[in-house]
Amino acid sequence: MNTYRDYFLCDNCQGKDFRLVYSFSLRFHGVNFSDDLIYDELAEETYQCTGCEKVFRRENIEEGLMEIKKQRKEKGPA
């Protein structure tokens with residue numbers, strides 16, 4: 001049985017390699033019963049193309065992979 005491997009590619013430079021980039025932040029908001037602010041700690045993950053440094057969110061990559069699956073099913077084996 002043959003196997004095939006398709007990669008998610010950067011839509012800018014067609015690179016297939018990405019590095020994980022983290023951003024850390026605090027989100028402050030008020031509550032009805034107090035004048036004090038409360039906060040949530042947030043960590044966001046993005047992926048940066050190693051070729052052209054374009055940044056992608058995880059959702060972008062998942063959508064791209066879904067499109068690859070759809071195309072592979074439509075055209076069959078290469």
Side-chain angles (χ1 to χ4, degrees):
M1 178 177 201
N2 294 332
T3 60
Y4 303 94
R5 192 168 190 175
D6 293 323
Y7 289 91
F8 173 82
L9 300 175
C10 174
D11 58 5
N12 192 43
C13 73
Q14 302 304 304
K16 70 172 182 62
D17 297 321
F18 298 84
R19 71 176 60 92
L20 185 57
V21 179
Y22 291 101
S23 298
F24 302 97
S25 64
L26 296 174
R27 177 178 54 190
F28 293 92
H29 52 91
V31 291
N32 292 339
F33 55 84
S34 173
D35 290 336
D36 294 335
L37 291 176
I38 61 172
Y39 67 91
D40 301 315
E41 292 183 26
L42 304 171
E44 298 175 20
E45 294 181 351
T46 55
Y47 299 85
Q48 186 177 44
C49 175
T50 60
C52 68
E53 298 186 349
K54 182 175 178 178
V55 175
F56 294 85
R57 294 186 338 257
R58 180 70 190 167
E59 295 83 17
N60 302 127
I61 294 172
E62 289 174 1
E63 289 169 4
L65 293 173
M66 291 297 291
E67 185 61 31
I68 291 170
K69 284 190 245 182
K70 179 181 169 188
Q71 290 174 0
R72 176 60 70 182
K73 286 181 180 182
E74 289 175 357
K75 72 177 182 179

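Below, each value reflects all heavy atoms present in this structure, side chains not excepted, and no hydrogens, waters or symmetry copies.
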- Taking the six-membered ring of Y47, is the NZ or CZ of R19 close enough (under 6.0 Å from the centre) and on axis enough (within 45°)? no

- Item | E41 CD: over 12 foreign heavy atoms closer than 6.0 Å | no

- Item | Spacing of CD1 belonging to I61 relative to CE belonging to M66, to within rounding of 0.5 Å | 14.5 Å

- Query: Measuring from C10:SG to K54:NZ, what's the distance to the nearest 0.5 Å?
  - Reply: 6.0 Å

- If you measure from CG on D6 to CG on L65, what distance do you get to the nearest 0.5 Å? 10.0 Å

- Task: Using the side-chain contact (heavy atoms from CB on, under 4.5 Å) rule, take Y22 and T46 through it: C-alpha gap first, then chi angles, then the decisive distance, then the call.
- Result: CA-CA 6 Å; Y22 291 101; T46 55; over 6 Å; no

- Task: Answer yes or no: are there more than 12 heavy-atom neighbours, outside F28 itself, under 6.0 Å from its atom CZ?
- Result: yes

- Considering all heavy atoms, the nearest C52-N12 contact: SG-ND2, 3.3 Å

- Between F8 and F18, what is the ring plane arrangement, given parallel below 30°, perpendicular above 60°, and tilted in between? tilted

- Are side-chain heavy atoms of Y7 and I68 found at a separation under 4.5 Å? no

- Kindly determine whether L20 and E45 satisfy side-chain contact (heavy atoms from CB on, under 4.5 Å), including the steps that lead there. CA-CA 7 Å; L20 185 57; E45 294 181 351; 3.9 Å; yes

- Task: Kindly compute the distance separating CD (E74) from NZ (K70), expressed to the nearest 0.5 Å.
- Result: 5.5 Å

- N/O donor-acceptor pair under 3.5 Å between E67 side chain and E63 backbone: no

- If you measure from CD on Q14 to CG on L9, what distance do you get to the nearest 0.5 Å? 5.5 Å

- How long is the gap from CD1 on I38 to CZ on R27, to the nearest 0.5 Å? 9.5 Å

- Query: Do the side chains of L37 and V31 join up, straight or via other hydrophobic residues, at under 4.5 Å, putting them in one cluster?
  - Reply: no

- Query: When you measure from the side chain of T50 to the backbone N and O of D17, does any donor-acceptor pair fall under 3.5 Å?
  - Reply: yes

